[in-house]
Amino acid sequence: MPGTHPDVVVIGAGALGAATAWFATRAGLTVEVVERGSIVSGTTSACEGNLLVSDKEAGPELDLALLSHQLWRGELGEFGGLWEFEEKGGLVVAATAGGMAGLTELTERQRAAGIDVREVAADEIHDFEPHLTPDLAGAAFYPQDCQVQPMLMAAHLLRLARELGARVRTGTTVTGFLRDGDRVTGVRTDRGDIAAGHVVNAAGTWAGELAALAGVEVPVLPRRGFILVTEPLPPTVFHKVYAGEYVASTQSSDEGLQTSTVIEGTRAGTVLIGSSRERVGFDRTVSLPALREIAGKALALYPGLAPVALMRTYLGFRPYCPDHLPVIGTDPRAPGLAHVAGHEGAGIGLSVGSAKLLVEAMTGATPTIDITPFRPERFSLQEVS
Amino acid sequence: MVEFDLAVVGAGPAGLSAAVTAAEHGLRVALVDAGTQPGGQFWRHPDEQHPRPDEGRGQHLWSRFTDLRARLHGLESAAATTGRIELVSGHQVWFVEPAGEGFALHLTAVHGETRLPRVRAAALVLCPGGYDRQLPVPGWELPGVMAAGGVQALLKAHRSVAGRRAVVAGTGPFLLPVATGLAEAGAEVVAICEAGSLSGWARRPIDAAAVPSKALEAVEYAALLAKHRIPYRMRTVVTAIHGETEVGAVSVGRLDRSGRLRTDVSLPDLDVDLVAFGWGFTPSLELITAVGASTRVDVDESLVANVDDWQRTDVPGAYVAGEATGVGGALLAIAEGELAALAASRDAGRPVSEASVRRLQRQIARGRRFAAAMHRAHPVPAGWQDWLRQDTTVCRCEETTLGEICDARRELGATDARTVKLLARPGMGWCQGRVCGFAAAKLAKPVGEALTTSDLAPLAKRTFAAPVSLETLATAPTESDGAT
Ligand SMILES: Cc1cc2nc3c(=O)[nH]c(=O)nc-3n(C[C@H](O)[C@H](O)[C@H](O)COP(=O)(O)OP(=O)(O)OC[C@H]3O[C@@H](n4cnc5c(N)ncnc54)[C@H](O)[C@@H]3O)c2cc1C
Ligand SMILES: Cc1cc2nc3c(=O)[nH]c(=O)nc-3n(C[C@H](O)[C@H](O)[C@H](O)COP(=O)(O)OP(=O)(O)OC[C@H]3O[C@@H](n4cnc5c(N)ncnc54)[C@H](O)[C@@H]3O)c2cc1C
């Protein structure tokens with residue numbers, strides 16, 4: 001709409017754009033969200049909605065996860081019902097004694113870093129998950145692992161932001177930036193220009209393309225993942241259940257097909273079974289080998305699911321950076337531009353902490369936690385040094 | 001390595017004629033169908049294991065079927081490997097994979113052991129037919145409310161009547177065989193409620209007259225309606241269904257010329273125990289989208305495959321025939337199946353009769369014109385949302401109400417069918433939107449706006465063309481396993 005000059009234009013109406021809109025309006029800024037498709041049309045509608053600490057090692061990502069965890073339960077706690085927030089807890093299982101030894105070492109490090117985790121002996125596992133295979137060496141239970149319905153989460157945050165005055169424009173594609181020298185002063189869209197004090201790049205897996213339009217490098221790449229969805233079942237899986245090698249897979253840089261089992265029940269009775277990780281660009285071809293491997297590993301944990309029918313699958317492209325950390329912060333190479341993207345397989349869980357940190361950075365408030373590990377220019381600095 | 005020159009999916013009118021024609025031109029053909037015996041929806045008939053002399057009772061074009069069936073059986077037992085058909089009944093195709101220059105179909109048995117888990121073929125003719133299109137109405141979750149096609153299937157396969165006092169409602173010529181079928185089987189049909197007004201036909205009489213057998217059928221039906229004293233009420237719709245535990249009565253209303261409910265006319269309720277609804281058909285597009293073929297929206301707002309005048313899709317080696325190219329009835333389906341087989345034979349280097357091709361192309365063009373005129377005369381009435389209430393269930397699997405869909409749009413800002421589905425769940429359940437998809441897509445748009453490919457295609461895409469067990473998936477052979 002001509003004539004509007006919001007304080008902030010947010011590019012992208014996914015989890016990160018929605019959370020940014022909410023925290024920015026709460027901070028008293030006027031906000032306009034620009035989305036090329038409909039709301040939640042990106043990766044936010046092709047994921048699982050786990051809010052995890054269990055898959056993280058000590059370090060900046062864990063700090064961000066713990067901050068987010070506080071926000072989900074605290075500042076946003078009153079809205080939890082709107083997006084099916086559930087503190088179900090996660091159970092990481094190990095099949096072999098060797099696997100269990102590795103898991104024990106991991107949990108010791110995690111405990112030292114502030115994660116609440118308790119070891120579960122082989123004979124206790126069935127108190128948590130009666131349908132798991134009996135052939136397990138042990139497990140670890142993470143009470144802080146939670147779940148949300150990610151599309152409802154993002155849609156409600158956008159709605160709450162709209163109630164505070166934010167605008168959401170769908171069907172509008174950002175095609176370039178308004179500049180004043182190095183400064184970014186707004187966006188160009190296929191439906192006209194919008195001038196703004198700050199422009200936030202929350203374009204998920206496409207954030208690298210947007211950054212390139214502004215002449216800066218932010219290396220965000222797609223990592224494809226498939227999820228299987230079963231027919232609705234009576235309650236069968238009670239927590240989030242992962243195979244121990246899951247942590248290794250999220251940290252891996254291997255290009256080939258990898259799958260690691262993540263199983264959870266949903267409120268609708270369906271069981272979601274994930275997931276795979278492949279670097280194949282934006283290829284949407286359904287890969288039978290990937291689906292088959294996911295199914296095989298799920299049956300190794302829950303043999304009783306063998307006759308259960310699958311209704312469908314879906315796929316998404318996780319936005320990842322080479323160092324597996326998100327990009328959060330204002331960009332000194334293009335003042336006026338900020339980024340909040342590249343959260344790979346954790347963008348739902350990390351959305352609220354990331355948005356809060358970004359808004360602090362934009363408004364000059366004291367950051368709640370150290371934001372420098374996520375600075376957008378870190379990749380070009382590495383090249384120089 | 002492919003074992004077959006051609007795989008045909010679906011053994012209804014389109015698929016049967018495709019398979020038989022292709023094999024008669026020397027191709028090695030696999031014919032896969034979910035049913036236990038060939039015939040599809042149109043020629044659903046009693047179990048052939050217990051042959052009966054009157055098996056064709058109540059059927060149309062039955063001699064076309066018995067002819068095709070006899071040729072099929074001959075080709076099944078042919079000694080040569082070329083010009084042979086391998087019939088794989090009772091198996092569903094759940095996935096299609098590219099296999100070299102051709103395709104690999106993954107199959108699973110509908111009941112019991114899977115005989116053939118995979119069929120590889122150089123080319124594919126997809127004839128998956130369709131299913132009844134449904135519209136929500138208050139009370140349609142009650143037992144005793146059925147799809148017209150489902151009522152017909154029971155009659156044809158089991159000679160069983162789904163109720164004693166029935167109303168047949170919706171729009172289109174398919175209401176006629178269902179109503180007369182019920183009456184012939186002993187049910188009382190208290191009314192056919194046809195939402196359209198046949199004046200639409202008169203506007204383009206040439207189209208209707210172009211298919212002589214249709215005119216004949218109409219005369220036949222008129223006689224049967226008179227014989228059973230079935231009132232045929234035009235511009236009339238069922239607006240609500242009443243009953244505690246099952247259907248007891250329905251409310252009916254009258255539409256004005258523009259298809260909106262008239263508030264100045266009140267009609268008495270009808271006491272019935274069966275409501276058969278037919279709002280046309282929705283073609284099955286999952287296999288068509290799975291091979292990557294492009295789609296378009298037909299006159300009746302169904303998503304259909306794009307085919308050229310040889311039934312070829314834009315994916316090399318993939319042909320489509322029957323309802324999946326546009327709902328047009330069995331006669332058109334037979335012609336399309338035959339033409340698709342001629343095209344596949346010709347593309348495989350076999351000589352085919354140019355005269356037959358031209359004859360079929362003419363017949364298909366005529367059939368298409370007729371179908372378009374029929375769809376224009378029997379649209380889903382503009383006012384179909386007038387009689388819904390906020391608490392009317394739209395998606396029966398997920399129990400999503402109209403109110404929840406409205407909230408997803410108004411409160412949460414969903415602007416398209418996919419987003420409504422993500423936020424309010426219509427179409428997320430067991431049937432994957434096969435029942436409510438059309439209605440949900442319409443409700444996601446401003447009233448009166450036509451559906452587009454971008455509304456329908458995301459809903460029609462289903463990775464699994466049929467439900468598949470985790471075990472079947474976990475043990476499926478795939479092309480990437482290397483040469484076998
Ligand atoms: C299989 C799978 C499982 C996952 N499981 C989990 C999980 O359990 N927990 C978790 O926390 N995370 C999970 N994730 C990761 C999570 O989905 C993502 O990190 C998160 O959704 C990213 O959100 P986003 O807002 O950054 O991106 P998106 O949701 O993709 O939003 C970006 C938006 O920007 C828009 N856009 C792009 N370019 C333009 C332009 N030029 N103009 C206007 N708009 C534009 C896009 O249309 C899009 O809507 C999973 C991902 C996958 C693929
Ligand atoms: C329930 C029902 C009843 C009908 N009854 C009548 C009637 O009485 N009179 C009338 O004029 N018209 C009727 N019609 C319309 C009529 O079916 C069509 O006009 C005609 O049958 C179209 O022929 P077809 O070959 O395209 O499809 P169909 O006859 O529907 O044949 C398609 C076949 O493909 C099979 N198939 C589909 N997907 C798969 C898969 N993934 N794997 C394996 N097999 C698959 C199906 O099982 C089916 O046997 C009915 C339609 C339906 C849905």
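Proteins come first, then strands; the chains are lettered A, B, ... in the order of their sequence lines, and each starts at number 1.
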> If you look at every heavy atom in B:L422 and A:Q149, which pair is closest and at what distance?
Replying inline: O-NE2, 3.4 Å

>> Please classify the contact between B:E411 and chain A as side chain, backbone, both or neither, with a heavy-atom cut-off of under 4.5 Å.
In response: both

> So which heavy atom on B:R425 is nearest to which on A:A268, and how close?
Replying inline: NH2-CB, 3.2 Å

>> If I compare all heavy atoms of A:A306 with all of B:S469, which pair ends up nearest, and what's the gap?
In response: O-CB, 3.5 Å

> Any donor-acceptor pair under 3.5 Å linking the side chain of B:R462 with the backbone of A:M311?
Replying inline: no

> Side chain, backbone, both or neither: which part of A:I273 has an atom under 4.5 Å from a heavy atom of chain B?
Replying inline: side chain

> About how many Å separate CZ of B:F464 and OG1 of A:T313, when rounded to the nearest 0.5 Å?
Replying inline: 5.5 Å

> Got a second to check how far A:R159's CZ is from B:L412's CG, nearest 0.5 Å?
Replying inline: 6.5 Å

> Which bit of A:V168 is near chain B, if near means a heavy-atom gap under 4.5 Å: side chain, backbone, both or neither?
Replying inline: neither

>> If you count heavy-atom pairs within less than 4.5 Å of chain A, which of B:C397, B:G429, B:A466 leads?
In response: B:G429

>> Distance check, rounded to the nearest 0.5 Å: B:M428 atom CE versus A:R312 atom CZ?
In response: 4.5 Å

> Using non-hydrogen atoms only, which part of A:E163 is less than 4.5 Å away from chain B: side chain, backbone, both, or neither?
Replying inline: neither

> Tell me, side chain or backbone of A:L315 under 4.5 Å from chain B's heavy atoms, or both, or neither?
Replying inline: neither

> Taking atom types as modelled and ignoring hydrogens, do the side chains of B:R418 and A:S45 form a donor-acceptor contact shorter than 3.5 angstrom?
Replying inline: yes

> So which of A:V271, A:I294, A:L310 actually passes side chain to side chain contact (heavy atoms under 4.5 Å, CB included) with B:L470?
Replying inline: A:L310

> Is chain B contacted by the side chain of A:L158, its backbone, both, or neither, given a heavy-atom distance below 4.5 Å?
Replying inline: neither

>> Under a plain distance cut-off of 3.5 Å, with no hydrogens placed, do A:S38 and B:T415 share a side-chain donor-acceptor pair?
In response: no

